[in-house]
2 protein chains.
Amino acid sequence: MKKVGLKDIAEHVGVSIALVSYVLNGQAELKQVSKENAEKIKRAAEELNYRPNQIAKSLKMLKTNTIGLVVADINYRFSTGITRAVEAEAKKANYTVLFGSSNESEDTFEELVNALINRQVDGLILVPVENSQPQIKMLQKSGVPFVLLDRNFPEIQANHVTLNNHKAAYDATTYLIKQGHKRIAFFNYQTTFYHLQQRNQGYLDALKDNNIKFQEHWLQEVKSSDRAGDIKRGIGTILTHAKPCDAAFFATDTLAITGLKYLNKHNIKVPGQLSVLSFDESEAFELFYCPVTHLQQPLAEMGRAAVDTVVGLIDHNKINRQVSLESKLVKGKSCRE
Amino acid sequence: MKKVGLKDIAEHVGVSIALVSYVLNGQAELKQVSKENAEKIKRAAEELNYRPNQIAKSLKMLKTNTIGLVVADINYRFSTGITRAVEAEAKKANYTVLFGSSNESEDTFEELVNALINRQVDGLILVPVENSQPQIKMLQKSGVPFVLLDRNFPEIQANHVTLNNHKAAYDATTYLIKQGHKRIAFFNYQTTFYHLQQRNQGYLDALKDNNIKFQEHWLQEVKSSDRAGDIKRGIGTILTHAKPCDAAFFATDTLAITGLKYLNKHNIKVPGQLSVLSFDESEAFELFYCPVTHLQQPLAEMGRAAVDTVVGLIDHNKINRQVSLESKLVKGKSCRE
DNA sequence: ACGCTTGCTTTAATCGTTTAAAGTGATAAT
DNA sequence: ATTATCACTTTAAACGATTAAAGCAAGCGT
C-alpha cells in the first residue's frame, strides 16, 4: 500500500500541492483558499487517509518537535516515574519524547546522546552517568539545548533540575533524631556523584547541628559491585558495635531493599531493634511487613520542570535555569515513635 | 553554533558534496576517490565535528531505521524488561527504538501508533490494549510492518510473539496438584484479553485432566477498577468456605502483590495456611518473607523474537510469523512441599 | 590527429514538505 | 481602453542527504 502524500491529494482534487499544504495546515483563510477547494482537499485527505510525513516536515522546518530523554536505568522506579512525567508534559507542549536508557554505562550514554542528536532532537533531558562530564562539556559547546535531571556536576555550569539532596537528607536525619535516635547509621554508595555526596553532607550536618558526635563507622560506603556483601558487613558492624546503632538511613531505595532483605533474613526487627528510613520508595516495600518511612521525590514536578526548561531553551534560548526541588518525608512504621 | 553539513565539509576541502558523501559512506574505493581527497575529507569531517543529519538521510532513503515500540504501561516490570530486550536486539540489527507507553488507554494507544507512523518508523512492535482490534485491522490495511507482542487477538490473523499462556497456567496448576493441593483458587482479571483467558483455560484444563472437580467460587474474577476490594472478598470467600482452598494461583504479578498484601495484613501464613503461586515476578516479592513461586516469562527471548520478526517483515516482507514461547516455573518457598 | 579508455569529479534529480513570490483571470476604477 | 485591485492559484526554491549519469583531463593506441 503506497504512502499517500500531498502530491496524491493534489492530483486527486486537481489543484497544486501548495494549496493542499495550506489547507491542511489551517492556513485556508489566511491564504484565502476558496471554500470549495478547501472542502474538497479536506475530504480527499480524509478519504485517502493522508498522514503527513514528519520526516519531510522536520527537514524543511529544521525542527522535529522532539525531545530526547536519557535515563540512567529503565529498571529504576525513578526512571519510569520521570519518563511518565516527561512524556505527559512534553505532549502538552506538543513535543514527542525520544527515549533511551544508558544503564549507567558511560559508552551507552554517549552513544545515545549522539544518536538523539543525529536524529535532530530539538533538545535533551539527561540523567547523566558517572564521569560523563567531558560529554556534557562537549554538548555545551555544540549548542544543543539540554537540561540535566536528577544529577548535576557542580564544576559545570549547566541548566539542571535536581532535588535539594542536602536538605532532604538533613531533614530526614533531623527527624530520626527528634524521634529519639542516638546513633544513626547512613548507608550510601561509594560514588563521585555530587547528588549522593550531598546526601552524606546533609546527614553529617544534621548530626552536627544536633550536637551528636559522628562516629566513623556510622557512615557505610557501599560499592555497587558488591552491594549485598558490603551491606551485610555494614549492618553487622553497626549492630555488633559496643554502642550499636538504633537507626539506619539508606541513601537510595536499592540500598534499602538490600538492607531490608538482610534484616528479614536475620530476623532483626524493624523498628524494634533498628529503625529504617529510605531515600526513595521501591515497589518492594509494599510487601515488607511494615510500611517503610521514606523520602519521596516529586517526580511529576521534576519532569515538568525539565520539560519547561528545555522547551524554554528551544523557544527563547532562555539560559541558566537551575531548579531545586523539595522532597517529602512519607512516614511509615519503620521508625521508632 | 551552526550545524555542520556535507556542504560545509565540501567547501572546506574544496570538492563537491557528492565526493564527501561517498567518502563518509565508505564508498571511497568503490567510487575511486583519490586517496588524497578521501584523506582530506575525513580529516575535515573530524575537525568540523560533522554529524550526519538522519532526518535528511531518512527522507532520501525512505527508511528511518527506526522501530516503534508501544508497551502497555511503563510501570510494569514486564514492560521495562521487554523494552530493554527490544532495545538491545534492535541495536544489533542497527535500528533505533522509538518508544511509547499507552497506559492501557485505547486513545493513547491510537495516538502513539499514529505518531510513530507519522515519524516514518519502518516497523512497529505493539503490546495492544483491550479493544484495539479496529486499530490493528487498520494497521494491517495500511501495510505497515508490525508484530503484536504478549497479547494477540485470535480473530485477527496478525504476526505475533506471545507466551504459551495455556500451557504455562496448565503446568503451574499441575505442579500445585502434584504438591498435594486439593482445592486451588485462581485469581484473574475480568477481561476480554485472550492471553488472560488462556490462563483461565489452562487452569481449568489442568484441574479436569487431574480429575479435580472445579468449584465455581475457585475462579475469582477481579475488576481492575476495584482490585483490592475484589481480592479481599475473593480471599475471604475461598478461605471461609466449608472446604477452604489450600492454594491460590494469581494470573498476574499485580494481582499477586495485592493478594499477598492482604495475607500479610491478616496474618495468613504462606504457605502454611495457603500456598501462593504467581504469574510473573514483581520486585515487591523481594521483601516478602518467603520467596514466591512464580512463572517467569522469557523477556529477552520475546524481545528478540519480536525484533527479528519485524525486521524480517521490513527487509524481506516475510509474512505470517506466530511465535509462541514457554515460561519457566521458578520454585520459591510459597507453596507447600 | 582522432577516438577510447582510465581515473577521478561534478552535476543535478530526488525524497515530501513549506512558503515567499509570481501568475492569472475577473471585475472595478479612471 | 487601460490600469488597478481583488481573489485565488501555481511556481519554484529550499531543507540535507544519496546516487545515477554526465563531464573532464590525461594517456594510449592506431
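Chain naming here is simple, since letters A, B, ... match the order of the sequence lines and numbering starts at 1 in each.
Side-chain contact between B/Glu130 and B/Thr191 is present, with at least one heavy-atom pair separated by less than 4.5 Å.
Defined by atom type and a distance below 3.5 Å, a donor-acceptor pair is missing between the side-chain atoms of A/Tyr95 and A/Glu87. Side-chain polar atoms of A/Thr96 and B/Arg119 form a donor-acceptor pair below 3.5 angstrom. B/Thr108 and B/Asn103 form no side-chain donor-acceptor contact under 3.5 Å, judged by distance and modelled atom types alone.
Counting to the nearest Å, the P atom of C/dC15 and the CE atom of B/Met61 are 14 Å from each other. Computed from coordinates, the A/Leu30 CG to D/dA7 C1' distance equals 14 Å when rounded to whole Å. Atom CG in B/Leu59 sits about 12 Å away from atom P in D/dA17, given to the nearest Å. For the pair A/Leu6 CG and C/dC15 P, the computed distance is 13 Å after rounding to whole Å. When rounded to the nearest whole Å, the span between CG of B/Leu24 and P of D/dT18 equals 8 Å. For the pair A/Lys7 NZ and D/dT10 C1', the computed distance is 16 Å after rounding to whole Å. As a whole-Å value, the separation of B/Glu29 CD from C/dT9 P is 14 Å. In this entry the distance linking CG of A/Leu19 with P of C/dA20 reads 15 Å, nearest Å.
For B/Ala56, taking side-chain heavy atoms from C-beta onward, the closest of the listed nucleotides C/dT11, D/dT10, D/dG16 is D/dG16. Ranking C/dG16, D/dA7, C/dC15 by closeness to the A/Gln32 side chain, first place goes to D/dA7.
For B/Ser58 (side chain) and B/Gln54 (main-chain N/O), a donor-acceptor pair under 3.5 Å exists by modelled atom type.
Within 4.0 Å of B/Ser16, counting heavy atoms only, lies at least one base atom of the nucleic acid. Counting non-hydrogen atoms under 4.0 angstrom, B/Ser21 reaches a base of the nucleic acid. Here A/Ile55 lies out of heavy-atom contact (under 4.0 Å) with every strand. Using a 4.0 Å heavy-atom cutoff across all strands shown, A/Lys57 reaches sugar-phosphate atoms only and no base atom.
Residue side chain A/Tyr22 reaches the base of C/dA20 through a donor-acceptor N/O pair under 3.5 Å, judged by distance alone.
Positionally, the nearest nucleotide of DNA chain D for A/Lys35 lies more toward the 5' end than for the other of A/Lys35 and B/Gln27. The residue among B/Asn53 and A/Asn37 whose nearest nucleotide of DNA chain D lies closer to the 5′ end is A/Asn37.
Phosphate proximity of C/dT9 to B/Lys31: absent, as no side-chain N or O sits under 4.0 Å from OP1 or OP2. Side-chain N/O atoms of B/Ser34 include none lying less than 4.0 angstrom from OP1 or OP2 on C/dG7.
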